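All values reported here derive from a predicted model rather than from experimental measurement.
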Amino acid sequence: MESWQINLAKEAVRKEILQLITEQKEALIKAGPGKDKQVHELVDDLHNQIRLRMDVIRALEKLDIID
C-alpha cells in the first residue's frame, strides 16, 4: 500500500470516528442524566466502535512507517 493510499484510508476512518462521536453526543443529550439505560448501552457500543477505528488508524500509521 502506498503512502497516499494509507493517508486516504486514515482520513476515511477519522470521518467515521467523528460521525460516531456525534451519534454519542446526540444520544446522551436525548436521554439526559439517568433517564435511559439503553442509551448508555448504545453509547458504550459507539465508544467501542470508536476505539476499534482508532486501532485501525494506529495500524495504518505503522504501515506508513514501514513503506
Side-chain angles (χ1 to χ4, degrees):
M1 203 179 241
E2 293 189 33
S3 184
W4 68 269
Q5 293 169 315
I6 293 170
N7 289 332
L8 189 63
K10 288 191 303 189
E11 193 60 35
V13 174
R14 285 185 182 117
K15 286 181 182 180
E16 287 183 25
I17 290 171
L18 288 175
Q19 180 60 37
L20 291 168
I21 290 170
T22 300
E23 289 178 36
Q24 272 186 324
K25 288 167 62 175
E26 289 172 354
L28 288 171
I29 290 169
K30 182 179 177 182
K35 289 185 182 176
D36 192 352
K37 185 176 180 178
Q38 287 181 333
V39 170
H40 293 289
E41 291 172 2
L42 171 65
V43 169
D44 286 343
D45 180 55
L46 290 169
H47 181 75
N48 287 332
Q49 290 182 40
I50 290 167
R51 182 184 50 78
L52 290 173
R53 282 160 178 77
M54 290 176 76
D55 290 343
V56 168
I57 289 175
R58 285 186 199 100
L60 288 169
E61 286 174 343
K62 286 181 183 176
L63 281 177
D64 201 18
I65 292 170
I66 292 170
D67 285 343

Between Ile57 and Arg53, is there a side-chain heavy-atom distance shorter than 4.5 Å? no
Heavy-atom closest contact (Ile6 atom, Leu60 atom, distance): CG2-O, 3.3 Å
If you compare all heavy atoms of Leu28 against all heavy atoms of Val39, which two are closest, and at what distance to 0.1 Å? N-CG1, 4.2 Å
Might you work through the side-chain contact (heavy atoms from CB on, under 4.5 Å) test for Leu20 and Gln24, ending with a clear yes or no? CA-CA 6 Å; Leu20 291 168; Gln24 272 186 324; 6.0 Å; no
Can you measure from OG (Ser3) to CG (Leu63) and round to the nearest 0.5 angstrom? 10.5 Å
Is it true that [X] and [Y] fall in one hydrophobic cluster, defined by side-chain heavy atoms closer than 4.5 Å?
X	Y	answer
Ile21	Val13	yes
Ile17	Leu52	no
Leu46	Met54	yes

Please determine whether side-chain contact (heavy atoms from CB on, under 4.5 Å) holds for the pair Lys10 and Asn7, giving the CA-CA distance in whole Å, both sets of side-chain angles, and the decisive distance to 0.1 Å. CA-CA 5 Å; Lys10 288 191 303 189; Asn7 289 332; 3.5 Å; yes
Residues Arg14 and Glu11 bridged, charged N to O under 4.0 Å: yes
Would you kindly say whether Asp45 and Gln49 are connected by a side-chain donor-acceptor distance under 3.5 Å? yes
